[in-house]
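Reading through the structure tokens given below for one structure.
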Amino acid sequence: MNQIRKIAIFAVPVLVVAVLFLVSRHDAPVSDGSTITAGDIASLYESAKREGVVNILATNAEDINWIPTAFAETYPGVKVGIYTDLNVVARAITEARAGVRNVDLLWNSEGLIGPLIERNLLTREDWPKVGVRPEDVGADGHMAITSSVAYAIAYRSDRVSEGDVPQSWNELTHMKYRGKMAASPILFARLSAGLGAFETKEKWVTYARKIHADSSVLWSNDLLEQVIVSGERPYVVATADYLAERWKARGLPVEVVLPEPVFITNFGSVVMKAAPHPNAARLLAAWMASQEGRLAREKALLAVDLRPSSAHQKARQLRESGKTLYLDNKEAAERRNALIPEMDRIFSGLGAN
Amino acid sequence: MQRKLFERDRGRNRVVWIFAVATLFILGLPLVFVLLASFRGPPALLPIEQSASWTLENYRYFYFDEHLYKVILPNTVVFALGSVAISCSIGLLLAWHFERGSSYRTTWMRVLVLAPLALPTPALAVAWIQLFGPNAGWINQLTRILIGSEVETGPFNIFSMEGIIWSQGLAGVPVAYLLLSPAVRAIRSDYEDASYTAGGGRWTTLRRVSMPLALPSIAGPILILFLIALEQVDFPYIFGPTAGINVLGTRIMWEVTAPSGLPNIGATSAASMCILLLATLGLIIHDRVVMRDTTAISTASRRGAIRASKWVGIAIHTGIFVYVITAFVIPVATLLVQSATGFAVLGSGPAGPGFGSLTGDDRFWRASLNTILVACGSAILGTVVGGGIAACSASGSDRLSALLNKISMSSIALPSVVVAFGVSVAFMSIPIGMYGSVWMLAIAYSYRISLSTRLARGAISQVEQGLIEAAATSGATWLGIQSRIVLPLIMPSILASSAFLFVAGVKEFIIPLMLYSPDNAVLSVLVLQLQQSGNTAGAAAAGLVMTAITLVGVVMLVMADEYLLAKGRAR
């Protein structure tokens, strides 16, 4: 009897946890998910004000920290909450699975939100109704594109002569760059897979292997700025253009080049179906994609939209340069995502599988 | 003997059940999650998803890879043995010097030795690159000038196996010292005195008396350090990719940070089973060593038992000085320069906002408070539960305590990222309103009870059974004996494990990042956020605040320890 009581004492908490877990294993409650019926932003703003809050999730805080202040200048009364996670997609899926309704919208790369679309966790919006340009609608109507990121090379202008500035990704395999480059293995894998998605897979897999095996690259996800500052490596390659622009703006003797083929990915906002504040989420997404939102982003992060549809001066210069330009899209993203595991294995030093 | 005395003690049996429930909560949830997740697939789905199915694919994917056996495991063994050899040999030397030698100014010297513990790993890494970077490292440049070399690289390279072992080994010295000093202190000095009286020299006494007495409790910390090294990510992740070196910890990390988007939780969990197996084997070996009949006890130790010669003393102090300069002063100086200028070395840019930007930022104050709360909370919880399990398992042979003892060791095999994922799923599913709170972090951090259990177990095994038997014969209950006899005797070990958990709590990075909400932000996450947002100066300043918080903890630990020691001597 005593033994049974002991087992019961131990088993009850286990059972309680298990039951609660199982009870919660229902699909996330879904809001109506319908597109807005109000025809203008003013009525959307009124609805958003009634909701009062909007929570946005992104990988890096830097990408969204500027939003609360800038958004409040145009739309006072709607407070923006910032959430970050190493893996926003996994977090969104997990929260949805557990029925937790925290996050209203996500800001991420168009190529990485596929798993959320497959699981039907995002709303498909009529974005032009809220002022988003048709060319800024991505991911089959799920995303309001806010900006682009181009893969760039940053180099120390005080240590690199003009003749040694690489103009194409292929040049990086040259021996003169051996032992002089630093890069993030994650970003280099994404870049190589992206280029492979537009050209031939074999060419860029061979390229990736050559870079990894022969170029003595300093691989780091976190210390690239310190590495270029200390002079340990004069080139940081396959980095985001706006990061390098920020180093330069802060006074580092750094210049930025976009090697050919220029590879550009889209970033934007998507609204969760289970968003607790759906109107505020739509308003924020639309604002981030608007001209005003873009300018605020550029002011805060030095990030500009380089896509062909952009009116920005730098985008025009890029178009006029005649460089080959690959703009990521849904089809390319699928091919790219299929290539990423192989590239990942190369750049993480795990060899062929 | 103690086991038989208390098996039927009601107070003890109730305590065993209380700790069983606590263990279930802080360790059982992530452990069960890891076990289940390792059998869920495919990789394109998270283990909790309805479409995921039961599979052995994760095991096939991870263990049927020849790269694992040809490269990763050999690298891991070399790295773990090398770094533990460096940490333990220096840590043991320091422990012997401070605990058994006749050093003066011990308190501040001990603080200096433990100070590197306070530094965030990235700050240490930047300092090592600054010193031993093959191209622009100061020591390399100086050496090239001195030897008149015309090559532009080397001779030292921090991005190599030697570099990784060196940096991880030195970073582990404070931990090794922290864990080994209670064991060294516990040796009875009258045995050593008897050896000297009988004509035994220093070396003979050390080899034939001191070391055999210390072995049981030294074995535990060394085993723990080795197991920690097996899954270590810090320096292998920072320096390893450039050197083309992967170890078990980084192999797991690649699955989590895969650029494809979703982390491969199933494969990560399957991989951690390998460490779990090694930890279990280690536990068996350790228990056989620790449970051997020993008579070393802790009531009669004293400093000054070993008298080093003048020159040995000077050599040791010089070594400590060089160590503190390299492992603490240079990284702190780097952070200070960074916090003042925004740049690590140049100082060429506009002055960064540094501390100024932090004091006016609400996030900083909230993160500082949260850091202290979470680190203290997890240290207390982890130490109490771990110490409790050790006390229960040392005083009875019932199955539940034995099971708790074994389960506690499994925490060493759980990767932080999987724990964070398991905890988030659990707290989302259990509607107790703690999801996203700072208390969720404190509970999530506390899963590392293996260290406190092992340390306390080692210390308890050295408590003289005669004391316990005398108390029991006089009618003392199990609880009374634990609180009035055992606890005071093992207090140095308890302090050491709580200090370790506190420091780990301040520096923990992966778990708070994955469980982040605006309400539970901690300093380690803020550092990353500031770094990412280009506020390098602010990030460095926040790093210095983290260092200061940890240092305060270290100073308090040393002072408490010195106080206990003085109190013991007075008795």
Side-chain angles (χ1 to χ4, degrees), chain A residues 6 9-10 13-14 17 20-21 24-25 60-62 65 81-87 89-90 93-95 97-100 102 112 114-115 179 185-187 189-190 217-223 225-227 229-233 246 250-253 337 340-341 343-344 348-351 353, chain B residues 17 20-21 24-25 29 44 46 48-50 65 67 122 125-126 129-130 133-137 153 159 238 241-242 244-246 251 254 257-263 342-346 348-350 421 424-426 428-431 435-436 510 513-514 516-518 528-529 532-534 536:
Chain A
K6 284 178 180 174
I9 292 170
F10 191 68
V14 179
V17 170
L20 288 172
F21 182 71
S24 68
R25 281 175 63 89
N60 298 327
E62 60 152 338
N65 266 343
I82 301 293
Y83 284 74
T84 60
D85 198 292
L86 272 180
N87 195 306
V89 174
I93 294 171
T94 310
E95 289 198 346
R97 186 85 191 94
V100 172
N102 252 346
L112 292 177
I186 291 179
L187 289 182
R190 283 184 185 162
V217 177
L218 191 160
W219 299 107
S220 172
N221 287 320
D222 309 306
L223 300 175
E225 184 179 349
Q226 284 88 342
V227 164
V229 165
S230 70
E232 181 55 38
R233 301 290 164 110
R246 288 223 306 266
R250 294 215 313 275
L252 262 178
N337 288 342
I340 279 180
M343 295 296 187
D344 182 33
S348 55
L350 299 176
N353 200 357
Chain B
W17 282 99
V21 174
L24 178 76
F25 197 59
L29 287 175
L46 294 176
I48 52 160
E49 292 192 79
Q50 222 160 19
D65 178 1
H67 196 72
V126 169
I129 294 173
Q130 206 67 71
N135 295 345
T153 187
F159 301 100
I238 295 173
T242 305
I245 290 168
N246 270 303
R251 174 70 188 86
W254 291 124
T257 57
S260 52
L262 280 180
F343 295 114
V345 184
L346 295 178
S348 58
F421 201 76
S424 71
V425 170
M428 280 180 204
S429 307
I430 305 169
Y435 179 64
I510 299 285
L513 200 60
M514 290 188 66
Y516 174 84
S517 81
L528 178 79
Q529 290 182 347
Q532 285 176 340
S533 58
T536 316

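What you see is a predicted model, and the numbers here were worked out from it, not measured in a lab. Worth knowing before you read on, the calculation uses all heavy atoms, side chains too, and leaves out hydrogens, waters and symmetry mates. Order of the sequence lines sets the chain letters (A, B, ...), proteins ahead of strands, with each chain counted from 1.
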* Looking at CD1 of B:Ile48 and OG1 of A:Thr94, how far apart are the two atoms once the value is rounded to the nearest 0.5 Å? -> 4.0 Å
* chain B contacts, top residue of A:Val217, A:Thr84, A:Ile82 (heavy-atom pairs, under 4.5 Å) -> A:Thr84
* Structure fact -> A:Arg97 and B:Glu49 have their tightest heavy-atom pair at NE-CA, 3.7 Å
* Just how far is it from atom OG1 of B:Thr242 to atom CD of A:Glu232, taken to the nearest 0.5 Å? -> 9.5 Å
* Under 3.5 Å, is there a donor-acceptor pair between the side chain of A:Asn221 and the main chain of B:Ile238? -> no
* To do: Work out which heavy atom in A:Ala90 is nearest to a heavy atom in B:Pro263; give both atom names and the distance.
  => CB-CD, 3.7 Å
* Is the side chain of A:Ser348 donor-acceptor paired with the backbone N or O of B:Trp254 at a distance under 3.5 Å, no angle test? -> no
